[in-house]
Amino acid sequence: MSEQSKILETDILISGGGVAGLTAAAAFGSAGFTTICVDPTPPVTEEGASGADMRSTAFLHPSRGVLEASGLWMRLAPHAAPLQIMRIIDAGGEEHEARLTRDFDAADLSDEPFGWNFPNWLLRREMVAHLAEIPQVDFRPGVATTGLVTRESGAEVTLSDGTHVRARLVMAADGRYSFVREAAGIGIKTVRYGQKALAFSVTHPIPHGNVSTEIHRSGGPFTLVPLPDRDGSPSSAIVWMERAAEAERLAALPVEEFEAAMMERSTGLLGPLKLVTRRAVWPMMTQIADRFSAQRVALIAEAAHVIPPIGAQGLNMSLADLTFLLKLAEEDPAHLGEAKMLDAYHRRRWPEVKAREIGIDLLNRASMVEARPLRDLRAGVLGALYSLKPVRKTLMRAGLGVR
Ligand SMILES: Cc1cc2nc3c(=O)[nH]c(=O)nc-3n(C[C@H](O)[C@H](O)[C@H](O)COP(=O)(O)OP(=O)(O)OC[C@H]3O[C@@H](n4cnc5c(N)ncnc54)[C@H](O)[C@@H]3O)c2cc1C
């Protein structure tokens with residue numbers, strides 16, 4: 001990277017340093033591409049600090065390759081909580097009780113777990129530390145992308161501190177309201193569900209046994225995902241989806257009442273749940289950009305697609321974006337960011353993401369249903385699908401994104 005009268009030259013400018021942008025910076029930097037990554041919000045790397053990301057991310061098995069290649073896996077592995085079993089419970093009967101429980105066991109597919117779960121604030125801490133060790137990466141927290149002009153020969157990006165950057169490829173990882181996507185003139189289609197998710201962590205007396213559990217009743221799934229023990233107690237991350245008004249009511253409840261509501265909604269399966277973090281509230285939507293590329297621009301992660309957090313798909317789809325983009329870049333580094341490469345990216349990823357969005361949208365709508373006959377139908381379909389072993393294996397592979 002050379003600085004000439006405040007114009008920086010780089011192979012890649014990544015707009016956005018969320019988990020997706022930081023992973024992309026590590027992956028492309030480790031592959032030898034000079035990479036600048038900017039984000040207006042300095043990463044919050046402590047759980048207790050205000051603005052800390054209360055979500056957790058389950059990296060599914062196929063995502064591990066890109067984390068290994070970028071040197072991140074070695075750092076993350078000691079903090080991982082493995083996910084061996086995905087349990088689905090239907091609690092849609094009269095009482096808040098599990099009336100149908102089905103286990104999907106990773107052992108049916110291989111010796112490895114389905115994936116590994118991490119708190120997002122910890123991912124940021126480890127990723128930022130790792131970037132500091134990659135000479136090709138220049139991470140600039142506190143700086144936003146504010147301007148974009150593209151030509152066939154390259155892109156010129158203006159940053160909020162007045163710096164101009166010339167890049168061969170601009171990667172939009174700046175989230176669901178992406179500045180770069182808009183500046184590139186790419187439209188989006190958004191579906192809202194009138195639904196919100198609460199994200200927080202708990203401890204509980206009964207160990208989770210590396211089982212991730214999705215409980216369906218109405219309003220959306222209640223999902224417990226294993227975390228490593230916390231101060232000697234078993235711990236889980238929870239995503240609790242409900243109609244928006246109900247989610248807001250729950251988020252405002254005094255802790256004791258909230259814990260009682262959690263106990264009921266969890267059917268008591270891990271014993272009394274103790275809230276150990278704040279409750280973050282996320283509006284639920286499905287969103288897809290009309291195209292995943294434009295001249296000298298590639299959209300990845302939530303800049304390209306947003307889905308409700310069901311089956312740990314969101315960030316894993318993002319890592320699939322960047323795995324494919326990296327493959328194209330490494331196959332032909334001399335033509336990085338040119339139309340042929342970016343068209344290939346769009347043509348491959350857009351239909352794959354669209355198909356996955358349709359599946360998650362259906363699952364979410366099925367989980368939201370209120371009427372008893374529909375809830376009974378949902379339990380019946382789950383039971384029937386599960387009882388056929390080939391179907392069960394196909395569902396597990398599809399969930400992992402393995403062909
Ligand atoms: C409750 C919940 C639970 C989830 N659980 C899972 C899970 O278990 N597994 C999974 O795979 N996925 C999960 N997801 C999805 C996953 O968290 C997201 O896909 C992922 O965090 C999105 O990452 P991102 O980097 O695209 O977006 P963000 O995290 O939103 O990052 C975008 C970044 O861009 C920056 N930015 C904004 N404007 C600019 C600008 N002008 N210039 C530069 N930077 C800018 C922002 O400051 C931000 O840091 C979950 C989502 C939710 C809501």
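All ligand and atom numbering here is 1-based and tracks the order in the structure.
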Which of the atoms of ligand 1 are close to Val19, meaning less than 4.0 Å from one of its heavy atoms? 25 (O)
Using distance alone, with no hydrogens and no angle criterion, decide if His204 and Ser236 have a side-chain donor and acceptor under 3.5 Å apart. yes
Parallel, tilted or perpendicular, judged at 30° and 60°: which one describes the rings of Trp350 and His346? tilted
List every atom of ligand 1 that sits less than 4.0 Å from any heavy atom of Ala173, numbering the atoms from 1 in the order shown and giving each element. 32 (C), 33 (C), 34 (O)
For ligand 1 and Asn316, I'd like to know whether there is a polar contact (N/O to N/O, distance under 3.5 Å). yes
For ligand 1, does Ser56 get within less than 4.0 Å through its side chain, its backbone, both, or neither, judged by non-hydrogen atoms? backbone
Checking the side chain of Asp103 only, and the main-chain atoms of Val211 only, is there a donor and an acceptor separated by less than 3.5 Å? no
Counting heavy atoms under 4.0 Å, the part of Pro309 that contacts ligand 1 is side chain
For ligand 1, the portion of Arg124 having any non-hydrogen atom under 4.0 Å away: side chain
Can an N or O of Asp39 be found at a distance shorter than 3.5 Å from an N or O of ligand 1? yes
Run down the list Met317, His305, Glu302 and name the one with the heavy atom closest to atom 18 (C) of ligand 1. Glu302
Closest to atom 27 (O) of ligand 1 (judged by heavy-atom distance), picking from Ser63, Pro42, Gly175, Ser212: Gly175
Partner residues of Phe59 under the ring-ring contact (aromatic ring centres under 6.0 Å, His included) criterion, sequence neighbours left out: Phe118
Set out, in order, the CA-CA distance, both residues' side-chain angles and the distance that settles ring pair (Phe, Tyr, Trp, His ring centres under 6.0 Å) for Trp116 and His61, then state yes or no. CA-CA 8 Å; Trp116 300 266; His61 198 262; 5.8 Å; yes
In a table with atom names and distances, give each donor-acceptor pair under 3.5 Å that connects a side chain of residues 167-175 to protein atoms at least two apart or in another chain.
| from | atom 1 | to | atom 2 | distance (Å) |
| --- | --- | --- | --- | --- |
| Arg168 | NH1 | Asp11 | OD1 | 3.1 |
| Arg168 | NH2 | Pro333 | O | 2.6 |
| Arg168 | NH2 | Ala334 | O | 3.2 |
| Asp174 | OD1 | Ser178 | OG | 2.5 |
| Asp174 | OD2 | Ser15 | OG | 3.0 |
| Asp174 | OD2 | Phe179 | N | 3.3 |
| Asp174 | OD2 | Val180 | N | 3.2 |

